[in-house]
Amino acid sequence: MPRPLITLTTDFGLRDPSVGSMKGVILSIFQDVTLVDLTHAIPPHAIASASYILGMASRYFPPGSIHVAVVDPGVGSARRPVVCSAGGQRYVGPDNGLFADICRRDPQWESFELAETRYCLKAPRLSPTFQGRDVFAPAAAWLARGTAPNAFGPRVTDLVGMESPKAGRGPDRRGSSLQDGEIIWVDRFGNLITGIEPSPGATDYVVSIGGKDVPLVTHYEEGPANAPAALVNSDGLVEVFVNRGDAARTLGASIGTPVALIPRRRAT
Amino acid sequence: MPRPLITLTTDFGLRDPSVGSMKGVILSIFQDVTLVDLTHAIPPHAIASASYILGMASRYFPPGSIHVAVVDPGVGSARRPVVCSAGGQRYVGPDNGLFADICRRDPQWESFELAETRYCLKAPRLSPTFQGRDVFAPAAAWLARGTAPNAFGPRVTDLVGMESPKAGRGPDRRGSSLQDGEIIWVDRFGNLITGIEPSPGATDYVVSIGGKDVPLVTHYEEGPANAPAALVNSDGLVEVFVNRGDAARTLGASIGTPVALIPRRRAT
Amino acid sequence: MPRPLITLTTDFGLRDPSVGSMKGVILSIFQDVTLVDLTHAIPPHAIASASYILGMASRYFPPGSIHVAVVDPGVGSARRPVVCSAGGQRYVGPDNGLFADICRRDPQWESFELAETRYCLKAPRLSPTFQGRDVFAPAAAWLARGTAPNAFGPRVTDLVGMESPKAGRGPDRRGSSLQDGEIIWVDRFGNLITGIEPSPGATDYVVSIGGKDVPLVTHYEEGPANAPAALVNSDGLVEVFVNRGDAARTLGASIGTPVALIPRRRAT
């Protein structure tokens with residue numbers, strides 16, 4: 001049997017020892033596991049960005065991998081801790097919308113509440129403010145050890161965020177866009193990742209952002225020097241970039257900036 | 001037998017390949033080991049902060065884990081490299097006060113000097129300036145392989161920092177505090193971790209910091225919006241925070257700022 | 001058989017999930033591998049800095065380790081993906097000069113093009129812009145699984161950068177230097193690492209940088225307070241530092257600043 005695999009995604013950063021403590025808890029319960037950091041640089045409390053990163057990265061992991069995600073503004077209040085299964089992967093974290101997009105893509109998704117305290121950290125004193133270490137890390141380790149998801153607690157059928165379909169995919173105000181959305185991530189090079197996955201076959205468009213129409217190309221090297229261009233990136237999403245430059249700085253764009261695909265013949 | 005576990009804590013950061021080189025040295029001596037980074041973002045030469053982080057995080061690791069800590073302003077000069085055993089964990093690093101707090105908590109602590117050169121890196125040229133790679137990493141790997149601590153060199157009974165009891169726990173100048181101390185860590189969210197562990201049963205107090213008295217609450221969500229509050233955090237220490245805000249910025253506080261617990265009836 | 005070891009060196013940073021995705025791809029092909037990050041903080045597109053870091057760190061890893069390096073301004077254009085063997089280690093990445101210095105040190109070096117698409121990621125859609133995940137990560141995993149380097153494609157004998165001997169090692173303009181070079185890395189403490197490896201036996205020199213001559217000492221503690229000094233560092237390279245200070249700031253130096261070793265009797 002291959003060694004189980006647990007990934008970690010948080011807004012804890014790498015300065016603090018929070019991530020290290022979570023790994024200690026996991027390895028105390030089950031030592032024969034491979035641990036992988038997805039990212040710990042989610043902006044504080046940015047549930048939507050974390051959901052995007054998690055969905056993008058987890059698809060590259062072997063079936064049965066366990067992904068712990070802790071971006072949790074409501075820690076200590078009433079939201080439920082959950083385990084979800086979807087797309088052949090397993091997810092552990094707070095029920096605050098983090099897993100809704102991932103579950104919506106798989107009609108077979110299921111989820112259970114992490115209610116059984118016997119799967120939580122056994123400490124002299126459990127903390128109301130660090131469920132990542134006390135609840136989510138141990139649950140991931142018990143899953144890796146073979147505990148079935150439904151052993152943790154009652155089935156959850158009303159996952160937060162599942163009811164509302166993802167916003168911002170209809171035509172924009174101008175009535176002329178094929179699809180629209182917004183910037184959901186700015187990467188290290190200042191590339192602007194949009195939430196727009198172009199419809200199959202759509203190729204004859206430009207990308208409208210911040211009042212500018214930027215051309216669609218095939219790879220980064222094709223972009224004009226010092227001017228923005230767009231491509232469909234390695235995750236299938238429209239991405240705006242400046243060849244060897246910084247698109248976020250050039251366009252003054254950031255997470256939340258609106259974007260639309262406009263048919264090329266009508267481009268202004 | 002479970003796979004041995006080695007953690008790393010340094011002030012090297014993650015830009016430089018220093019941490020990677022240490023891991024290469026460890027894996028060259030013993031390949032079947034799990035490596036975990038605690039943090040590499042200790043402020044340069046901040047022995048006290050490293051000692052805090054190490055003590056907080058190591059308690060979540062399985063018994064017998066090996067913790068390498070390299071925060072070492074005196075590298076190349078005369079201080080001794082040591083291995084310490086305390087609280088069921090093992091520690092490797094310079095004898096400069098890093099391990100004093102940890103050993104003070106366990107009357108059974110013991111320590112040995114890393115004197116045997118046969119357990120050091122075999123290089124064409126050993127460096128006087130990178131003992132993390134040349135001395136501490138190999139010692140940790142040999143421990144993981146099963147070498148007994150007393151095989152590395154003579155017993156150390158006068159560990160640096162053991163003689164002086166921890167300062168700053170008596171009453172403050174005003175004569176009215178239950179306990180006082182200072183900020184020893186500022187986390188990513190600007191939360192201010194103090195060195196104060198409240199006496200059992202003490203609950204009827206406010207926290208005095210920078211001339212302000214801030215109320216004690218139970219979890220982050222209970223704190224008033226945009227105003228500082230305090231709680232006993234997941235490590236049992238008093239922590240000052242601003243609900244969904246940044247306490248370090250709000251209070252102008254940083255590592256070293258004095259803090260005191262004041263009885264509530266006397267709060268100003 | 002010991003578990004295979006794969007290291008990763010990129011300019012991706014740790015904010016984005018790129019590194020996590022590469023690890024997912026590797027672990028999907030071969031799960032029983034140890035993954036180590038060398039650094040993901042190479043300045044964007046800085047091939048020379050990456051080459052230095054890779055050469056310095058990889059020598060500390062066990063024979064047969066696999067080092068994936070992705071610093072790749074030309075991704076999506078015509079440069080070849082390659083695997084190289086040199087110095088008992090294996091390297092995977094773009095043929096853009098990254099591996100030339102490493103191969104030049106070993107007359108037995110060999111290299112093969114990663115041409116066989118069956119060793120690439122099997123995705124619904126392969127990306128022209130993320131060969132780190134789609135080509136280099138899978139190749140490393142197949143090497144770890146035992147695939148021979150020559151199974152990936154045709155032999156490469158004209159590796160980019162091999163023809164030109166390393167520049168900047170001759171005497172400088174003043175005609176008085178023993179050796180000269182430039183700053184190739186600035187570490188976290190502001191220490192300035194030069195590309196100069198002093199000739200065996202050369203000890204009677206000072207280091208000239210930015211119009212200043214700084215003295216040569218043996219270890220950091222020997223340097224005068226608040227003034228620059230130089231030593232031969234743990235990698236055998238001349239390094240300029242300020243004892244408990246920041247040499248980059250003190251001297252206004254950065255990557256690319258020229259440096260020379262000047263005989264001591266002639267020092268101004």
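Note that the structure is a prediction, hence the values are computed from the model and not measured. Each chain gets a letter, A, B and so on, in the order its sequence line appears, and its residues count up from 1.
- Considering only heavy-atom pairs separated by less than 4.5 Å from chain B, the leading option among A:Asp37, A:Leu27, A:Ile29, A:Val33 is A:Leu27.
- Contacts of residues 52-59 of chain A with chain B at a heavy-atom distance below 4.5 Å are absent; not one residue qualifies.
- No side-chain heavy atom of A:Leu14 sits under 4.5 Å from any side-chain heavy atom of B:His40.
- Between the side chain of A:Asp16 and the backbone N or O of B:Arg188 there is at least one donor-acceptor pair closer than 3.5 Å.
- Distance check, rounded to the nearest 0.5 Å: NZ of A:Lys23 to CG of B:Leu38 gives 9.5 Å.
- For A:Asp11, the parts lying under 4.5 angstrom from a heavy atom of chain B are both the backbone and the side chain.
- Note that CZ of A:Arg15 and CH2 of B:Trp185 are 4.5 Å apart. Values are rounded to the nearest 0.5 Å.
- Enclosure of atom CG in B:Asn226 is not indicated, since only 12 or fewer non-hydrogen atoms of other residues, nucleotides or ligands lie within 6.0 angstrom.
- Residue contact with chain A, scored on non-hydrogen atoms closer than 4.5 Å, involves the backbone and the side chain of B:Asp187 alike.
- Annotation for B:Tyr60 and A:Ser28: closest pair O-OG, 3.0 Å, computed over non-hydrogen atoms.
- Looking at A:Val25, the atoms closer than 4.5 Å to chain B (heavy atoms on both sides) sit in the backbone and in the side chain alike.
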